[in-house]
Amino acid sequence: MLEFWKTVHGECPMERRTRIKDALAGQPGAELTVRGWARTVRSGKGVTFIALNDGSCFASLQVVAEPVLANYEELARLGTGSALRVTGALVASPAAGQAVELAAREVEIVGPADESYPLQKKRHSFEYLRTIAHLRPRTNTFGAVFRVRSMLAQAIHRFFAERGFLYVHTPIITANDCEGAGELFRVTTLDMARPPLADGEVDYSGDFFGQATGLTVSGQLEGELCALAFGDIYTFGPTFRAENSNTPRHAAEFWMVEPEMAFADLMDDAALAEEFFRYLCRFVLDNCREDLEFFDSHVEKGLVERIGRLADSAFAMMEYGDAIRELQKATVTFEYPVEWGLDLQTEHERYLTEQVTGGPLFVVNYPREIKAFYMRQNDDGKTVAAMDLLVPKVGEIIGGSQREERLDLITARMGEVGIAPEGLWWYLDSRRWGSCPHAGFGLGFERLIMYLTGMENIRDVIPFPRTPRHAEF
RNA sequence: UCCCCAGUAGCUCAGUCGGUAGAGCAGGCGGCUGUUAACCGCCUUGUCCGUGGUUCGAGUCCGCGCUGGGGAGCCA
């Protein structure tokens, strides 16, 4: 390929760049070329310092430019944000603050940035940075967030791969409108100005798929089908909810991890969730240390210690019924009533995980009336084998259950809640032949990132977030 | 969707009792032998979110709208 390039262009492509992460770990004396963006430019009388960052790590490399450089005058007036190529020698830094710095021999201004560049070398509010989401990856905070996001995504695959779970790609376009997990975004090629009608309703029979379709709200049902073939599977992909939710914890487009295990019950499910969660805590401590230290000092004090405790300790578990009793004997007053049969409100969940256990807490075996049709009915006739993992600040981060594997019981339950079995014939077939106990859960990927970085708004852990009225970028 | 709060210079914010605005940063000029979001001096910058009203006079008080944030619901 290189030979081909040379015959066409007559020269080599860009010489290999050294990533700043590697340059900072290098030994003095090394000659190298780095490329990146100026974070700050400080000019003294006879020397200019440029903090150069290429996103490969949190830290910037200090480039030292002296007046002997041909374009020194230009460099001394360089604006924050400029893209540069710097070739020079790595030298031990005579000043405190960094072990090594790059003594520039040649600096090319690849892409200048003038004073109208919106990112300044000062603190900006997260709200403002959301309005310039196209530039915010170049900031300290968002650089760290998106590096951690990438590392966590890979850690998730590694966790499941190490345990023999099959990675399944479930459909993004779906005709399931009865999963009961939120409003669907419609997917259609019909003419929205003049849709075909039948009996006053939109007639989707002529639509692209011959029926009404939308974007998936969960890959669980298809995941279950694959679990009943491969044993242990997981999905990891985008999920869409058209709910008009305006909170720091909800987005219209987010990523969800959904493992599903055959021949497993609720306790197996909770055990997997706990092992998974603690693995990810340990992973970021071991692999994202520099970014975590930044979050610890600038976003949430004590973050590293909190995650460290989490990685080492067992999670608490509580029956729903015990949770109700715990709330009823609480001395604080709640806005919403506490009574067996009612769902736990955010204030209740926070009290349990923040005041009662002071850490992650599984609440299990909820009343059947407040949970989804596919959850396995317990022998008491009142509860289902559901579990929620609650964590301080973020609230519910995992929701899961053992699934109802008995055809007669799940069919009866669908009838009770008004879901037509015809639309889910394929799902019910899994209970018709070779059915077995199985269980799984859904983890909100962004909520995990929030919990492990201390970031408090989901819009700040997604590069280009989609929320009501926001689909820019 | 409901409740609460906010919107002032490019950015972060102050603005008292109603008397048409100010600081830091950014930017410009100058200074400084090595700085650490450098520092020092001087200079420039406004549809006070929009709209209607009260008033001699509104950034300030009131109504409506828009935008943002927080809380709630829904949930991951």
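Residue numbers start from 1 in every chain, and the chains themselves are labelled A, B, ... in the order their sequence lines are given, proteins ahead of strands. Just so we're clear, the structure is a prediction, and the values are computed from it rather than from any experiment.
Contacts of A:Glu396 with the nucleic acid, taken as non-hydrogen atoms under 4.0 Å apart, involve only primed sugar atoms and P, OP1 or OP2. A:Glu101 comes within 4.0 angstrom of a nucleotide base, judged by non-hydrogen atoms across all strands. Using a 4.0 Å heavy-atom criterion, one finds that A:Phe445 contacts no nucleic acid atom at all. Within 4.0 Å (heavy atoms only), A:Arg469 reaches sugar-phosphate atoms of the nucleic acid but no base atom. Using a 4.0 Å heavy-atom distance criterion, A:Glu335 is classed as making no nucleic acid contact. Counting non-hydrogen atoms under 4.0 angstrom, A:Pro248 reaches the backbone sugars and phosphates but no base. Within 4.0 Å (heavy atoms only), A:Ala51 reaches no atom of the nucleic acid at all. Among the heavy atoms of the strands lying under 4.0 Å from A:Gly442 are primed sugar atoms or P, OP1, OP2 only; no base atom is included. Note on A:Ser93: a base of the nucleic acid sits closer than 4.0 angstrom, heavy atoms only. Here A:His470 lies in heavy-atom contact (under 4.0 Å) with sugar-phosphate atoms only. A:Arg459 comes within 4.0 angstrom of the backbone, heavy atoms only, and of no base. If you check every strand for non-hydrogen atoms under 4.0 Å, A:Gln345 touches sugar and phosphate atoms only.
For A:Ser245, the side-chain atoms get nearest to B:G73 when compared with the rest of B:A76, B:G73, B:A38.
With rounding to whole Å, A:Tyr117 atom OH is found 16 Å from B:C25 atom C1'. In this structure, A:Asn244 places its CG atom 15 Å from P of B:C75, rounding to the nearest Å. If you take CE of A:Met256 and P of B:C75, they are 13 Å apart, rounded to a whole angstrom. Atom CD of A:Glu243 and atom P of B:C74 are 10 Å apart (whole Å). In this structure, A:Arg241 atom CZ and B:C75 atom P are separated by 9 Å, rounded to whole Å. In this structure, A:Ile370 places its CD1 atom 10 Å from P of B:C74, rounding to the nearest Å. Summarising the geometry, the separation between CD on A:Glu115 and C1' on B:C29 is reported as 14 Å, rounded to the nearest angstrom. Rounded to an integer number of Å, the gap from CZ of A:Arg249 to P of B:G69 is 14 Å.
For A:Phe165 and A:Phe159, the ring centers sit 6.0 Å or farther from each other. Between A:Phe334 and A:Tyr351, the distance from one ring center to the other falls under 6.0 angstrom. A:His157 has its ring centre less than 6.0 Å from the ring centre of A:Phe236.
The side chain to side chain contact (heavy atoms under 4.5 Å, CB included) with A:Tyr366 is formed by just one residue from the set A:Glu319, A:Lys382, A:Lys371, A:Met387; it is A:Lys371.
Rounded to a whole angstrom, the distance from the C1' atom of B:G73 to that of B:G18 is 41 Å. Rounded to a whole angstrom, the distance from the P atom of B:G70 to that of B:U12 is 15 Å. Taking atom P in both B:G22 and B:C43, one finds a spacing of 14 Å when rounded to whole Å. Between the C1' atoms of B:U45 and B:C40, the separation comes to 22 Å (whole Å). For the C1' atoms, the distance from B:C48 to B:U35 is 38 Å, rounded to whole Å. A distance of about 11 Å separates the C1' atoms of B:G53 and B:A58, rounded to the whole Å. Comparing B:U60 with B:A14, their P atoms sit 16 Å apart, to the nearest whole Å. The same atom, C1', is picked in B:G50 and in B:C3; the two are 24 Å apart, to the nearest Å.
More than 12 heavy atoms of other residues, nucleotides or ligands lie within 6.0 Å of CD in A:Glu416, so this atom counts as buried by the packing criterion. Under a cut-off of 6.0 angstrom, the local environment of CD in A:Gln345 is crowded, with over 12 non-hydrogen atoms contributed by other residues, nucleotides or ligands. Counting non-hydrogen atoms of neighbouring residues, nucleotides and ligands closer than 6.0 angstrom, the CZ atom of A:Arg19 reaches no more than 12 such neighbours. Environment of CZ in A:Arg350: sparse, with no more than 12 heavy atoms of neighbouring residues, nucleotides or ligands closer than 6.0 Å.
A:Glu258 places a side-chain N or O within 3.5 Å of a backbone atom of A:Gly219 that can act as its donor or acceptor partner. Checked by atom type and distance alone, the side chain of A:Ser56 pairs as donor or acceptor with a backbone atom of A:Lys21 at under 3.5 Å.
Between A:Thr80 and the phosphate of B:A37, there is no side-chain N or O to OP1/OP2 separation shorter than 4.0 Å. Between A:Arg42 and the phosphate of B:U35, there is no side-chain N or O to OP1/OP2 separation shorter than 4.0 Å. The phosphate of B:U36 has neither OP1 nor OP2 within less than 4.0 Å of any side-chain N or O from A:Lys121.
Seen from the ring of A:Phe254, A:Arg249 does not count as a face-on cation partner, given the 6.0 Å and 45° thresholds. By the 6.0 Å and 45° rule, A:Arg163 does not stack over the aromatic ring of A:Tyr234.
Evaluation of atom-type donor-acceptor distances gives no pair under 3.5 Å for the side chain of A:Arg123 against the base of B:C13. The base of B:U35 lies close enough to the side chain of A:Gln62 for a donor and an acceptor atom to sit less than 3.5 Å apart.
Contact check of residues 124-140 of chain A against RNA chain B (heavy atom, cut-off under 4.0 Å) returns A:His124, A:Ser125, A:Glu127, A:Tyr128, A:Arg130. For RNA chain B, the residues of residues 451-458 of chain A within the heavy-atom distance limit of 4.0 Å (strictly under) are A:Asn457, A:Ile458, sorted by number.
The pairing partner recorded for B:C25 is B:G10, the criterion being a Watson-Crick or G-U wobble arrangement whose two distances lie under 3.5 angstrom.
A:Tyr374 and A:Ser401 share no side-chain donor-acceptor pair at under 3.5 Å.
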